[in-house]
Enquirer: 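A single structure is presented below for examination.
Counting starts at 1 for both ligands and their atoms, following the listed order. Residue indices begin at 1 and follow the sequence shown.
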Amino acid sequence: MDSVRAVSPGRVNLIGEHTDYNGGMVMPAALSVHLEAELTPREDDIVRISAEPFGMLHERTLEDPAKDHWSDPAVGALREARALGLIGHGADLLIASTIPAGAGLSSSAALIVTVLKAARMLAKSDMSDTEIAVAARRVETDYIGVPVGIMDQMAVAIAQPGEAIALDTATLDYELVTLPKGYSIEVIHSGVTRQLSDGRYKERKEECDAARIAFGRDDICTLNPAKIAENTEVSDVIRRRALHCATEHRRVKAAVDALAGGDIATLGALMIASHTSMRDDFEMSVPLIDALVDDAVALGAVGARLTGGGFGGCIVACVAEDQRDGWLEGLLVKHPEARFIDRIARAT
Ligand code: GLA
């Protein structure tokens, strides 16, 4: 049978962390690192995955439960494609990716979205990219069992490399956002790897669920931060988790305005404030990443912050293009454990 190919970018989140399952805004951007999949349908329920980053061939069946294995997103995506009527049986998948795994750059969402887009092509279906993203999230939450929000799937399904989207995760309305002129967005890996399935992401999700119950509403991002701060009935931990969500949501909105007005100093200040909130209120950073962010700013970035689910992975920094080479060299000399991953800049 004929093969189909699809490709999706990795994503970096510029601002808006852990707001996407609390009714808030996010602003991710698509990277140039990407994942490509070639799908060849089969007549049986076998899934054969050959994945370059892992240098191996792996065989599963569509009936296999998730088993905390790198092939889970691919198997889950094919199960979802079958449930949606896009494919009848299993498939051979050839995967090639330049998105580092465990870096918080959505390698898993890219794999699921890419397989679903390939299946959509095969079926000549008119499913929209938003519908693909929603289906991809189901694979993460229902099959793999990680209670993620919708940011990553929307970002990799919709944005083109170098494009950012301001996404309202409550409605899935989004607008494309232009990156700042004369500045680049730098993605640096801290050297600390992590997996969303390691339990700490889920712990934060559960704390947010407790905050929803305590404050009596689902969209804790839209609560007034002053009202959260003065509430003495909830525990200190739950109050700080809610405070992060509510202030982060406002920072994303302010960042969208700052970008629209070309106010890069404000954008940078918002990124730095976002990191402080993630470090102190949401407690999702680690000391090595705090040091990397501090040094990124000390060396001249207008803003820098941890990006993604937390507890490891990458930082994202906004740096003036004419300072970028010296900035990067200085940062990597100070942090030999870190490594450059990608940069995106406005095309014109
Ligand atoms: C991971 C999840 C997203 C989002 C971020 C934190 O990337 O997949 O849904 O919650 O963490 O902002």
Enquirer: Counting N and O atoms only, with roles assigned by atom type, does the side chain of Ser184 sit under 3.5 Å from a partner on the main chain of Ala345, one being a donor and the other an acceptor?
Expert: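 Checked: no pair found.
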Enquirer: Under the 3.5 angstrom rule, does the side chain of Asp72 hit a backbone N or O of His69 as a donor-acceptor pair?
Expert: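 Yes, Asp72 side chain to His69 backbone: donor-acceptor pair under 3.5 Å.
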Enquirer: For ligand 1, which atoms sit closer than 4.0 Å to a heavy atom of Gly149?
Expert: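 Those of ligand 1 that fall under 4.0 Å from Gly149 are 9 (O).
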Enquirer: Does the salt bridge (Lys or Arg N to Asp or Glu O under 4.0 Å) test come out yes or no for Asp64 and Arg60, once each step is laid out?
Expert: CA-CA 7 Å; Asp64 270 2; Arg60 309 263 302 256; 2.9 Å; yes
Enquirer: Under the side-chain hydrogen bond (donor to acceptor under 3.5 Å, both in side chains) rule, what do Asp44 and His89 come out as? Steps first, then yes or no, please.
Expert: CA-CA 6 Å; Asp44 55 25; His89 296 281; over 6 Å; no
Enquirer: Show me which atoms of ligand 1 lie under 4.0 Å from any heavy atom of Tyr201.
Expert: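 Under 4.0 Å from Tyr201, ligand 1 has these atoms: 1 (C), 2 (C), 3 (C), 4 (C), 9 (O), 10 (O), 11 (O).
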Enquirer: Checking the side chain of His244 only, and the main-chain atoms of Ala242 only, is there a donor and an acceptor separated by less than 3.5 Å?
Expert: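 Side chain of His244 to backbone of Ala242: no pair is present.
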Enquirer: Give the atom numbers and elements of ligand 1 that come within less than 4.0 Å of a heavy atom of Tyr21.
Expert: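 Result: 10 (O).
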Enquirer: Just to be sure I'm reading this right: ignoring hydrogens, which of Thr19, Leu105, Asp20 gets closest to atom 3 (C) of ligand 1? Compare them by their nearest heavy atoms.
Expert: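 Ranked by closest heavy atom to atom 3 (C) of ligand 1, first place is Asp20.
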Enquirer: Within ligand 1, which atoms have a heavy atom of Met151 less than 4.0 Å away?
Expert: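 That gives atoms 4 (C), 5 (C), 12 (O) of ligand 1.
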Enquirer: Run the numbers for me: atoms of ligand 1, each under 4.0 Å from some heavy atom of Glu17, listed by number.
Expert: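 Reading through ligand 1 atom by atom, the close ones are 6 (C), 12 (O).
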Enquirer: Quick one: does ligand 1 sit under 4.0 Å from the side chain of Arg11, the backbone, both or neither, non-hydrogen atoms only?
Expert: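 The part of Arg11 near ligand 1 is the side chain, not the backbone.
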Enquirer: Can Asp129 and Arg120 be counted as an ion pair, charged N to O under 4.0 angstrom?
Expert: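 Looking at Arg120 together with Asp129, the answer is yes, because their closest N to O distance falls below 4.0 Å.
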Enquirer: Take Glu80 and Leu116, measure what side-chain contact (heavy atoms from CB on, under 4.5 Å) needs, and give me the verdict at the end.
Expert: CA-CA 8 Å; Glu80 182 69 28; Leu116 284 172; 4.1 Å; yes
Enquirer: Before signing off on this row, confirm whether Asn13 and ligand 1 have an N or O atom pair separated by under 3.5 Å.
Expert: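 It does not: no N or O of Asn13 is found under 3.5 Å from an N or O of ligand 1.
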Enquirer: Taking only heavy atoms of Gly308, which atoms of ligand 1 are found under 4.0 Å from at least one of them?
Expert: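 Near Gly308, meaning under 4.0 Å from one of its heavy atoms, ligand 1 has 6 (C), 11 (O).
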